[in-house]
Amino acid sequence: MNLFVRVLILLALCAGPGQAVAQTGVAGPQRTGRIEAELVPLSAWAAPGSTAVVAVKQTIQPGWHTYWRNPGDSGGATTLAWTLPQGARAGDIVWPVPERQRLAGLMNYGYSGVVWLPVPVEVPASARVGTVLPLTVKASFFVCSAEMCVPEDLTLRLDLPVREGAAPPDPRHGAAITAVLESAPRPAGIEARIALENGVLTLGAAGGPLAGRDPGPSYFFPFEGGIIDHPAAQTGDWGPQGLTLRLQSGGETRAAGLTGPVGGVLVTAHGSWEIRAEPGAAPAGTSGTGVLSEAADAAPAGPEASNGTGLAAFAQAVLFAVLGGLILNLMPCVFPILAMKAASLAASAHDVRHARRDGLAFLAGVLTTFLLLAGVVLALRAAGEAVGWGFQLQSPPFIAGLALLMLAVALNLSGVFHVGGGLQGAGSGPLARLPGGVGAFFTGALAVIVAAPCTAPFMAFAMGAALVMPWPMALLVFLGLGLGLALPFVVVSLTPGLLARLPRPGPWMERLKGLLAFPMYATALWLAWVFSRQTGAESLGLLFGAGVLLSLGLWLVGGGQTERGFGRRGVLHLTAGAIALLLAAATGWLAAIMPAEIPVTEPNGPPVGATSAPWSPAAVEAALAEGRPVLVNFTADWCVTCKINERTSLTSAGVKAAMDRSNAVYLVGDWTRRDDAITAELQRHGRSGVPLYLLYSPGSAEPRVLPQLLTEGVVIDALKTAAS
């Protein structure tokens with residue numbers, strides 16, 4: 001046992017006669033679905049003026065892990081925020097040697113299974129014998145698997161008795177904490193130097209416990225990220241005085257070079273030690289005897305961190321994304337756009353070359369737009385923003401622009417103006433679409449934009465997993481979703497046998513074009529309603545004004561097109577139309593940037609369904625403390641799936657009666673406008689967007705996640721189970 005550990009334990013135990021073991025008054029473990037944590041003591045009690053050692057014990061579920069002080073390429077270190085009596089002071093964490101956790105080309109440093117993080121605590125000399133020392137710590141963990149990371153905050157408490165004399169080790173945890181303290185890395189008189197040349201760091205360490213023996217498999221854990229390339233192999237040699245390691249430089253080192261000493265932990269077959277490597281050439285005697293074992297490159301961190309598991313999770317996410325994209329075609333927000341494209345395909349069904357071109361162009365539009373959206377989401381999240389799928393619909397300017405775009409599409413379908421085809425006859429472009437593949441490409445882009453309000457089954461897992469994967473894998477998951485969305489249209493366009501079964505073009509297509517305008521008018525009105533919920537009545541009035549100006553401008557443009565069809569220039573119509581369109585854009589922008597109105601609380605009328613209250617973690621905890629089940633609905637006004645579920649399955653008389661019988665509390669988390677607390681809660685449950693339905697039962701640590709597509713029976717049965 002080294003001197004540091006002996007001193008630390010002696011300070012904690014204090015010299016004196018042994019006594020009977022006393023109860024420590026531990027508040028008990030706190031749990032989530034992924035981790036259990038508890039504040040535990042090394043000794044049965046503490047003496048006034050001594051140094052006690054306590055530890056945060058983590059019991060991590062299989063397939064999950066937490067992180068060391070330098071988490072590596074992803075994740076975040078465990079942090080402790082203490083609340084202590086006056087005069088008490090907590091020291092730094094004594095970090096055990098971490099595991100090396102490889103995942104999809106990344107290297108993380110952390111812990112799995114059961115781990116203790118010891119912390120020395122100075123007990124004030126004024127502490128009265130016979131009392132307890134209340135120790136409280138807020139432990140913040142990043143708990144990750146191969147698929148996702150979840151931030152967990154647990155408040156832990158330990159009431160440590162204060163007594164005179166030496167205390168025996170705590171019977172439950174004393175031996176384990178002592179073992180951690182004995183094996184934890186400490187300075188050991190090792191001389192270390194580090195140099196950078198051609199992107200390679202050469203770390204030499206000599207003296208102390210390294211002298212005179214083969215160090216065996218060796219590895220260097222830097223205290224700071226960016227110093228080395230964590231996933232790269234660490235190779236080297238050893239000599240009579242120590243060893244030399246060759247490390248690939250990290251991003252910060254490549255950018256700025258070596259700017260000072262490098263601290264870290266050097267692990268060998270004989271132990272682990274803290275070192276501080278000063279810039280300079282390796283000490284003498286650190287090479288020439290042999291080559292370090294190849295085992296230094298191996299870095300398994302347990303099954304959850306293996307490449308095989310990561311690739312399996314990635315493949316599952318891609319499969320679920322494709323399935324979710326296929327089902328997305330049946331959602332009400334996407335159907336009007338796809339109906340337009342299906343009618344367009346019917347127009348060219350008997351021209352196989354044009355049909356194939358349109359199908360591939362539609363696919364390109366879908367995939368390109370998904371890549372753009374995914375890139376924006378991933379970039380914002382990398383910058384620390386809390387965003388998820390559908391984030392753009394939380395923006396009033398985006399909603400206003402999309403509403404006006406839907407109105408323009410509807411007016412186009414109604415024949416008010418034409419795009420790319422002049423006057424439309426029965427045989428010359430009856431769908432008033434952009435020419436050829438360009439129109440198909442932008443129809444695919446439009447389908448993705450309006451698909452954002454909908455979330456299909458299988459999408460939730462795929463999108464939630466994608467947002468915690470490395471960006472190349474995440475982009476492939478988003479592409480899988482786009483492939484699923486475009487697949488039915490592409491399959492039909494590339495299959496001559498299916499195309500031959502479609503009806504031939506004729507007057508019926510002009511009537512279909514007019515009919516398809518009405519879902520687009522309805523979409524524009526719905527978006528205007530969402531806009532009003534985000535802003536207020538005055539902004540909505542301006543948006544209506546922009547819609548009138550847009551309609552006038554497009555009507556004038558259509559008149560100019562008619563004039564040109566009769567051989568006249570139509571300059572007056574087109575000029576007036578352009579002016580009206582500019583005024584429409586200005587009015588729409590003014591509507592979007594007006595400050596949102598403060599909602600006015602309306603008098604409560606007769607409840608149609610269950611009475612709701614705003615969601616917050618405190619509201620959930622308060623209801624559970626009363627022994628009441630809690631049904632949480634994370635929703636948004638722009639989420640079509642959410643609104644369908646609310647109308648059919650959450651506000652019915654049957655559900656209200658079931659909630660009354662079970663004495664349940666109904667909480668609503670409204671994500672219509674950006675709310676970082678809701679975003680964090682969605683991420684905690686592996687979701688990137690709404691809807692999400694959680695049902696908490698008293699006495700259960702984690703909620704039950706209900707299906708995304710609800711029925712009244714599903715909700716009633718779940719409430720019965722929760723109540724029982």
Side-chain angles (χ1 to χ4, degrees), residues 388 390 393-394 453-455 460 526 529-536 596-682 684-685 687 689-698 700 702-723:
L393 293 171
Q394 296 173 332
C454 283
T455 303
W526 167 67
W529 173 76
V530 173
F531 180 79
S532 72
R533 300 276 290 180
Q534 294 177 332
T535 55
E597 296 178 7
I598 300 174
V600 178
T601 304
E602 299 179 357
N604 292 328
V608 177
T611 303
S612 67
W615 169 85
S616 69
V620 174
E621 292 176 4
L624 292 176
E626 296 175 359
R628 303 177 67 182
V630 183
L631 176 61
V632 182
N633 170 19
F634 291 106
T635 182
D637 287 337
W638 42 259
C639 171
V640 177
T641 309
C642 304
K643 293 304 166 187
I644 292 174
N645 284 334
E646 287 164 15
R647 296 289 185 272
T648 61
S649 307
L650 291 173
T651 59
S652 68
V655 169
K656 182 179 185 302
M659 295 195 71
D660 290 341
R661 287 193 298 271
S662 61
N663 194 29
V665 175
Y666 180 41
L667 302 179
V668 176
D670 190 350
W671 210 43
T672 302
R673 293 182 68 91
R674 174 170 171 165
D675 188 315
D676 290 349
I678 293 177
T679 304
E681 188 71 8
L682 294 173
R684 198 171 79 84
H685 295 283
R687 299 294 175 88
V690 291
L692 173 64
Y693 305 106
L694 304 177
L695 184 59
Y696 292 83
S697 300
S700 179
E702 286 295 306
R704 172 184 173 185
V705 180
L706 301 184
Q708 288 178 288
L709 297 179
L710 295 176
T711 65
E712 183 178 356
V714 166
V715 179
I716 292 174
D717 289 344
L719 288 168
K720 288 180 181 177
T721 303

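- Legend: side-chain hydrogen bond (donor to acceptor under 3.5 Å, both in side chains) pairs involving residues 710-719, not counting sequence neighbours, sorted by first then second residue: Ser652-Glu712.
- Between Leu667 and Asn633, the closest side-chain pair of non-hydrogen atoms is not below 4.5 Å.
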Stepwise side chain to side chain contact (heavy atoms under 4.5 Å, CB included) check, Leu695 with Thr721: CA-CA 10 Å; Leu695 184 59; Thr721 303; over 6 Å; no
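- Shortest non-hydrogen contact noted between Pro614 and Ala619 is O-CB, 4.2 Å.
- If you run ring-ring contact (aromatic ring centres under 6.0 Å, His included) between Trp615 and each of Tyr693, Tyr666, Phe634, Tyr696, only Phe634 comes through.
- Closest approach of Ser612 to Val668, counting heavy atoms only: CB-CG2, 3.6 Å.
- The nearest pair of heavy atoms linking Leu694 to Pro703 is CB-CB, 4.0 Å.
- Judged by distance alone, the side chain of Ser662 and the main-chain N or O of Leu719 form no donor-acceptor pair under 3.5 Å.
- Taken from CG in Leu692 to CG in Leu682, the straight-line distance is 6.0 Å, to the nearest 0.5 Å.
- In terms of heavy atoms, Val665 sits closest to Ala623 at CG2-CB, 3.8 Å.
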Verdict with supporting geometry, Leu706 and Leu631, side chain to side chain contact (heavy atoms under 4.5 Å, CB included): CA-CA 10 Å; Leu706 301 184; Leu631 176 61; 4.0 Å; yes
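- With hydrogens and angles ignored, the 3.5 Å screen pairs a side-chain donor or acceptor of Arg628 with a backbone N or O of Asn663.
- What you find for Ala722 and Pro629 is that their closest heavy atoms are CB-CB, 4.0 Å.
- Annotation for Val714 and Pro707: closest pair CG1-CD, 4.0 Å, computed over non-hydrogen atoms.
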